[in-house]
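Reading through the structure tokens given below for one structure.
It should be emphasised that the depicted structure is a prediction, and the values quoted were computed from it without experimental measurement. Counting from 1, the numbers follow the sequence of the chain as shown.
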Amino acid sequence: MKNEATEKLSPLKPLTNEQSALIQKIMNFTTEHLKAQNTPAIFTIYGDAGTGKSVVLSHLFNELQTAARTDSASPLYQTRNKFLVNHPEILKVYREIAGGQPHLLKKDFMRPTSFINQLDKLHQTIDVAVIDEGHLLLSKPDHYNNFYYDNQLVEIIKRSRIVIIVFDRYQVLRMKSLWTPERLQKLVNQYPHDEYYLKHQFRMTASDQLVQWMNDFTDGQINSLPLDSRNHYDFRIYDDAEEMRQAIVRRNNEVGLSRILSTSGYPSTLDGGKHYICEGRFKMPWDQYNFTATPWAEIPETINEVGSIYTCQGFDLNYACQGFDLNYAGIIIGPIFSQKPSGNELAIHLDKFTDVEAFKKRKDLSDPQEIHALEERMLLNALNVIMKRGVKGTYLYAHDPRLRQTLVQLYHQMIRENQRNELE
């Protein structure tokens with residue numbers, strides 16, 4: 001598996017028929033609204049991680065800029081367009097891509113705050129704003145990052161005639177970037193708009209049914225496993241974390257890029273300067289801060305560490321891509337999650353969450369029940385993110401005894417059903 005971010009996001013990467021049709025749909029939407037002058041207008045692309053949203057945007061923006069700079073017959077000719085993305089490491093990737101494309105310039109790519117502040121200084125607007133990772137846009141002031149308005153998307157819309165944005169509801173992990181589909185739609189519905197849902201998973205070789213099971217699980221529902229879960233993908237559930245670790249080590253020796261990941265919720269007990277996770281025979285330290293430019297998962301010694309949600313997203317650890325991909329991921333579902341005493345539903349224990357930065361208070365939220373629900377949603381989102389890191393396989397282990405027993409039973413039930421079907 002290649003982890004070159006520039007290859008993943010290149011506008012030269014082949015597209016599926018669906019992706020090509022979507023790009024044409026957005027190009028038509030853009031030109032129609034520019035000609036009709038009924039702007040601002042917004043096109044939203046919805047999709048989970050690995051559904052090809054950023055590849056679509058990369059191709060789309062290349063087409064926009066090619067028309068803007070070369071096609072005098074196009075309504076896009078001489079339009080001013082920008083590509084916006086919040087994470088500086090992804091920005092570096094896009095600018096590197098621009099250096100190799102004839103109609104893209106590095107200055108076409110900006111962070112949203114820089115874009116807003118620059119246009120304010122120049123008293124200017126633009127024609128088309130393309131926004132990658134829209135779920136990471138700030139929805140409250142962040143003076144540390146020089147953003148003094150209330151909402152980045154609102155300010156981008158004010159300064160653009162057309163806005164094209166991608167959104168993944170599962171990637172919302174912090175209050176300062178609080179978005180839900182309902183909050184986004186309430187804003188978008190004020191303008192002419194259209195939308196599209198990308199559903200097919202490209203990152204993982206898992207079946208769409210197994211991916212849906214993961215989505216249901218991280219929506220709090222513990223359902224029966226689809227019967228073909230292991231035909232397309234190496235999916236396993238363990239009742240022994242150490243046994244899972246040993247399997248991940250074997251996968252790493254075979255194909256590389258295989259690691260153990262965990263949710264939050266373990267006590268911060270120090271042993272020799274390291275924070276350890278202990279589960280029966282299993283004892284491993286959390287990931288250490290990575291001061292190098294090498295992604296955490298590509299450092300050989302990290303086979304002996306447990307990656308966190310922040311390692312998974314990768315950006316805080318200098319990984320220039322939208323979260324790293326692993327070949328195999330061994331996932332520990334930590335003490336934050338348990339199974340409710342009655343029914344196959346997840347219980348979420350906010351009191352065991354240790355990242356105080358994630359849940360900083362907002363002036364626009366005062367209802368304790370709403371805050372509680374949003375915080376629970378963010379923890380489920382974090383679980384969704386780490387469960388979708390493995391390209392070739394995902395192995396699960398749950399800290400909570402009841403949840404672990406249920407998952408193991410569902411796994412063995414799936415295996416028996418598959419074997420019965422094969423015999424028939």
Side-chain angles (χ1 to χ4, degrees), residues 9-11 15 19-47 52-86 90-91 94-95 97-98 101-137 151-167 184 187-196 198:
L9 302 181
S10 170
L15 297 172
Q19 290 172 328
S20 296
L22 174 56
I23 289 171
Q24 189 57 54
K25 179 181 177 72
I26 299 172
M27 290 290 287
N28 292 341
F29 175 90
T30 300
T31 54
E32 286 170 8
H33 285 281
L34 286 176
K35 288 189 292 186
Q37 300 292 314
N38 58 338
T39 60
I42 304 171
F43 196 105
T44 308
I45 305 170
Y46 293 93
K53 302 183 300 296
S54 296
V55 173
V56 167
L57 284 196
S58 182
H59 278 262
L60 172 71
F61 192 68
N62 188 49
E63 287 197 26
L64 285 171
Q65 294 301 73
T66 299
R69 289 174 172 147
T70 66
D71 187 358
S72 58
S74 170
L76 291 163
Y77 187 58
Q78 294 186 334
T79 52
R80 298 179 64 245
N81 314 312
K82 293 291 183 181
F83 192 111
L84 309 177
V85 62
N86 244 332
I90 306 180
L91 181 62
Y94 280 121
R95 285 178 172 169
I97 290 170
Q101 298 301 317
H103 307 303
L104 297 178
L105 303 176
K106 292 187 178 184
K107 67 179 183 179
D108 293 340
F109 299 84
M110 302 181 71
R111 295 185 72 180
T113 297
S114 301
F115 164 81
I116 292 165
N117 292 343
Q118 182 185 92
L119 289 188
D120 283 356
K121 185 176 180 180
L122 298 173
H123 304 288
Q124 292 179 351
T125 59
I126 66 163
D127 295 293
V128 183
V130 175
I131 307 171
D132 197 7
E133 303 287 302
H135 41 269
L136 300 180
L137 290 173
N151 186 298
Q152 283 187 327
L153 181 55
V154 168
E155 300 307 319
I156 293 168
I157 293 170
K158 288 178 181 177
R159 294 159 179 79
S160 313
R161 297 174 67 193
I162 307 292
V163 174
I164 301 155
I165 182 172
V166 300
F167 181 78
L184 178 61
L187 174 57
V188 168
N189 288 345
Q190 300 175 43
Y191 307 95
H193 63 276
D194 201 352
E195 62 191 29
Y196 191 87
L198 287 168

Open item on the list: Using the ring pair (Phe, Tyr, Trp, His ring centres under 6.0 Å) criterion, which residues pair with F43? Sequence neighbours excluded.
Closed with: F29
Task: Point-to-point distance, once rounded to the nearest 0.5 Å, from CG of L60 to OG of S54 - done: 12.0 Å
TODO: Determine whether V130 and N81 make a side-chain contact, defined as any pair of heavy atoms from C-beta on separated by less than 4.5 Å.
DONE: no
TODO: State, with a plain yes or no, whether a side-chain heavy atom of P112 is found less than 4.5 Å away from one of I131.
DONE: no
Open item on the list: Nearest 0.5 angstrom please: D132 CG to L137 CG, how far?
Closed with: 10.0 Å
Task: Working for side chain to side chain contact (heavy atoms under 4.5 Å, CB included), residues I165 and I156 - done: CA-CA 11 Å; I165 182 172; I156 293 168; over 6 Å; no
Task: side chain to side chain contact (heavy atoms under 4.5 Å, CB included) evaluation trace for I23 with M27 - done: CA-CA 6 Å; I23 289 171; M27 290 290 287; 4.2 Å; yes
- [ ] Tell me, please, which residues at least two apart from E63 pass side-chain hydrogen bond (donor to acceptor under 3.5 Å, both in side chains).
- [x] none
Open item on the list: I want to check something: taking the side chain as every heavy atom from C-beta on, are Y196 and L198 in contact at a cut-off of under 4.5 Å?
Closed with: yes
Open item on the list: Which heavy atom of A68 sits nearest to which heavy atom of Y77, and what is that distance?
Closed with: O-CD1, 3.5 Å
Open item on the list: Evaluate L91 against R111 for side chain to side chain contact (heavy atoms under 4.5 Å, CB included), listing each step before the verdict.
Closed with: CA-CA 7 Å; L91 181 62; R111 295 185 72 180; 3.6 Å; yes
- [ ] Please check if the distance between the ring centroids of F61 and Y94 is under 6.0 Å.
- [x] no
Task: Residue pairs fulfilling salt bridge (charged side-chain N to carboxylate O under 4.0 Å, His left out) with at least one residue in residues 151-163, sequence neighbours excluded - done: D120-R159, D127-R161, E155-K158, E155-R159
TODO: Can you sort out the partners of T113 under side-chain hydrogen bond (donor to acceptor under 3.5 Å, both in side chains), two or more places apart, ordered by chain and number?
DONE: Q152
Open item on the list: Checking the side chain of K53 only, and the main-chain atoms of V166 only, is there a donor and an acceptor separated by less than 3.5 Å?
Closed with: no
Task: Note, I126 side chain near F115 side chain (heavy atom, < 4.5 Å) - done: yes
- [ ] Could you tell me the separation between the OG1 atom of T79 and the CG atom of L34, rounded to the nearest 0.5 Å?
- [x] 7.0 Å
Task: Minimal non-hydrogen separation, F167 against T44, with atom names - done: CB-CG2, 4.4 Å
- [ ] Mind checking the CG-NZ spacing from L76 to K35? Nearest 0.5 Å is all I need.
- [x] 9.5 Å
TODO: Could you tell me which non-hydrogen atom of L153 sits nearest to which non-hydrogen atom of N151, and how far apart they are?
DONE: N-OD1, 2.9 Å
Task: Under 3.5 Å: donor-acceptor pair, side chain of N62, backbone of H59 - done: no
Task: Counterpart residues, salt bridge (Lys or Arg N to Asp or Glu O under 4.0 Å), relative to D71 (two or more places apart) - done: none
Task: Minimum side-chain heavy-atom gap R69-L105 below 4.5 Å - done: yes
Task: Residue list, side-chain hydrogen bond (donor to acceptor under 3.5 Å, both in side chains) with N38, at least two apart or on another chain - done: H33
Open item on the list: Measuring from atom CG of L84 to atom CG of L136, what distance do you get when rounded to the nearest 0.5 angstrom?
Closed with: 13.0 Å
Task: side chain to side chain contact (heavy atoms under 4.5 Å, CB included) between R80 and Q124, intermediate numbers included - done: CA-CA 10 Å; R80 298 179 64 245; Q124 292 179 351; 3.1 Å; yes
Task: Polar side-chain atom of S160 near backbone of I157 as donor-acceptor pair, under 3.5 Å - done: no
Open item on the list: On a heavy-atom basis, which atom in T31 and which in N28 lie closest, and how many Å separate them?
Closed with: OG1-O, 3.1 Å
TODO: With the side chain counted from C-beta on, respond yes when F83 and D108 share a heavy-atom pair under 4.5 Å apart, and no when they do not.
DONE: no
